[in-house]
Amino acid sequence: MYIIPKLLKNYSPKRFNLAKKKKQKYYVVWFGNPAGIYDSWEKCKKAIQGISGAQYKSFETLPEAKIAFQKEYVDYKGKNTKKKKILTSEELQRIGEPNLYSIAVDAASSGNPGKMEYRGVDTQTHKELFRQGPFMQGTNNVGEFLALVHGLAFLKQQQSDRMIYSDSRIAMGWVRRKKCNTKLKRTSQNKKIFELITRAETWLKNNTYTTKIVKWETKAWGEIPADFGRK
RNA sequence: ACAU
DNA sequence: AAATGT
Ligand SMILES: [Mn+2]
Ligand SMILES: [Mn+2]
């Protein structure tokens, strides 16, 4: 099915009332207790918990799920219901190669929210330049944001004109607007993170920089060099 | 939808 | 499989 680029560009979850609601999914459990079709991950989880070798998969619609339930798990196991987009050689050519005169930053979180950390490396050598955390109850996006601002401050302090790569569109947007728009709830455990956010936003508003912030093209180049390699 |  | 975000 074709999707018009203009509509794609204007895509907004809010317009489809998906902003706050989780997308409805249906979960087929072929081997569980009991097998069946469930309309929430919570219910599905109960049916597979403690079942070694449980067989289950999510579907976007109930009709899809009903058909799948009457078929075999092996017909769906490992099937890319997710579109793992492969770039055409034209796209690869247009993207080109990364500029190695740069640093790369990335964040990782065990759980999201969860135990979050971030670091920056030399894109060329992968040598670690800075690393912070882990911090309790952070989000992936906050980590990517803090990493980017840390990188900006690092390069300014070094008087370096290298550019910075990030794979996070969210963090790049927040830095551009000098505003971390996280929805993360404050807790007693993540005070430090919110202090760092405030400190980062303050840095952005009180400092100038000419550093180019560039999207790391993961599909073309593989994982960003700063990646923690846990996926 | 896209990026994590 | 989940969640974080525009
Ligand atoms: Mn990342
Ligand atoms: Mn990563």
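Chain naming here is simple, since letters A, B, ... match the order of the sequence lines and numbering starts at 1 in each. Every heavy atom of this structure was used, including side-chain atoms; hydrogens, water molecules and symmetry mates were not.
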Exercise. When the distance from CE of A/Met172 to C1' of B/A3 is rounded to whole Å, what number comes out?
Worked result: 10 Å

For this session: Respond yes when some side-chain nitrogen or oxygen of A/Lys183 is under 4.0 Å from OP1 or OP2 of C/dT6, and no when none is.
Result: yes

For this session: Using whole Å, report how far NZ of A/Lys215 lies from C1' of C/dG5.
Result: 14 Å

Problem set entry | A/Lys46 atom NZ, over 12 foreign heavy atoms within 6.0 Å | no

For this session: Inspect the surroundings of CD in A/Glu195 and state if more than 12 heavy atoms from other residues, nucleotides or ligands are less than 6.0 Å away.
Result: yes

Problem set entry | Separation of C/dA3 P from A/Glu42 CD (nearest whole Å) | 8 Å

Problem set entry | Phosphate contact (C/dG5 OP1 or OP2) by A/Ser168 side-chain N/O below 4.0 Å | no

For this session: Please state whether the phosphate of C/dG5, meaning OP1 or OP2, lies under 4.0 angstrom from any side-chain nitrogen or oxygen of A/Thr182.
Result: yes

Seminar exercise, completed: Side-chain atoms of A/Trp174 come closest, of C/dG5, B/U4, B/A3, to C/dG5

Exercise. Can you say whether the rings of A/Trp174 and A/Phe145 are parallel (under 30°), tilted (30 to 60°) or perpendicular (over 60°)?
Worked result: perpendicular

Exercise. Would you call the rings of A/Phe154 and A/Phe130 parallel, tilted or perpendicular if under 30° counts as parallel and over 60° as perpendicular?
Worked result: tilted

Exercise. Quick one: is A/Lys22 getting a side-chain N or O under 4.0 Å of the C/dA3 phosphate, OP1 or OP2?
Worked result: yes

For this session: Between C/dA2, C/dA1, C/dT6, spot the one nearest the side chain of A/Ile170, thanks.
Result: C/dT6

For this session: Check every atom of C/dA1, C/dA2, B/U4 against the side chain of A/Lys25 and return the nucleotide holding the closest atom.
Result: C/dA2

Seminar exercise, completed: Here the distance between atom P of C/dA1 and atom CD of A/Gln49, to the nearest Å, is 18 Å

Seminar exercise, completed: From the candidates B/C2, C/dG5, C/dT6, the one with an atom nearest any side-chain atom of A/Asn181 is C/dT6

For this session: Mind listing the residues from residues 90-125 of chain A sitting with a heavy atom below 4.0 Å of DNA chain C? Number order is fine.
Result: A/Asn112, A/Pro113

Seminar exercise, completed: Regarding the side chain of A/Val142, the nearest nucleotide among C/dG5, B/U4, B/C2 is C/dG5

Seminar exercise, completed: A/Asn140 atom CG is separated from C/dT4 atom C1', nearest whole Å, by 4 Å

For this session: Return yes if some donor-acceptor pair links the side-chain N/O of A/Glu201 with the main-chain N/O of A/Thr198 below 3.5 Å, else return no.
Result: no

Seminar exercise, completed: note: A/Leu87, atom CG; B/C2, atom P; distance rounded to Å ~ 12 Å

Exercise. Given atom CG of A/Asp227 and atom C1' of B/A3, what is their separation to the nearest angstrom?
Worked result: 14 Å

For this session: Count the heavy atoms of every other residue, nucleotide or ligand shown that sit under 6.0 Å from NZ of A/Lys178, and state whether that count exceeds 12.
Result: yes

Exercise. A/Tyr73 vs A/Trp30 aromatic rings, parallel, tilted or perpendicular, using cut-offs 30° and 60°?
Worked result: tilted

Seminar exercise, completed: From CG of A/Leu184 across to P of C/dG5 the rounded distance in Å is 7 Å

Exercise. Is there a donor-acceptor pair closer than 3.5 Å between any side-chain N or O of A/Asp122 and the backbone N or O of A/Thr125?
Worked result: yes

Exercise. Is A/Lys231 touching bases, backbone alone, or none of the nucleic acid, heavy atoms closer than 4.0 Å?
Worked result: nothing

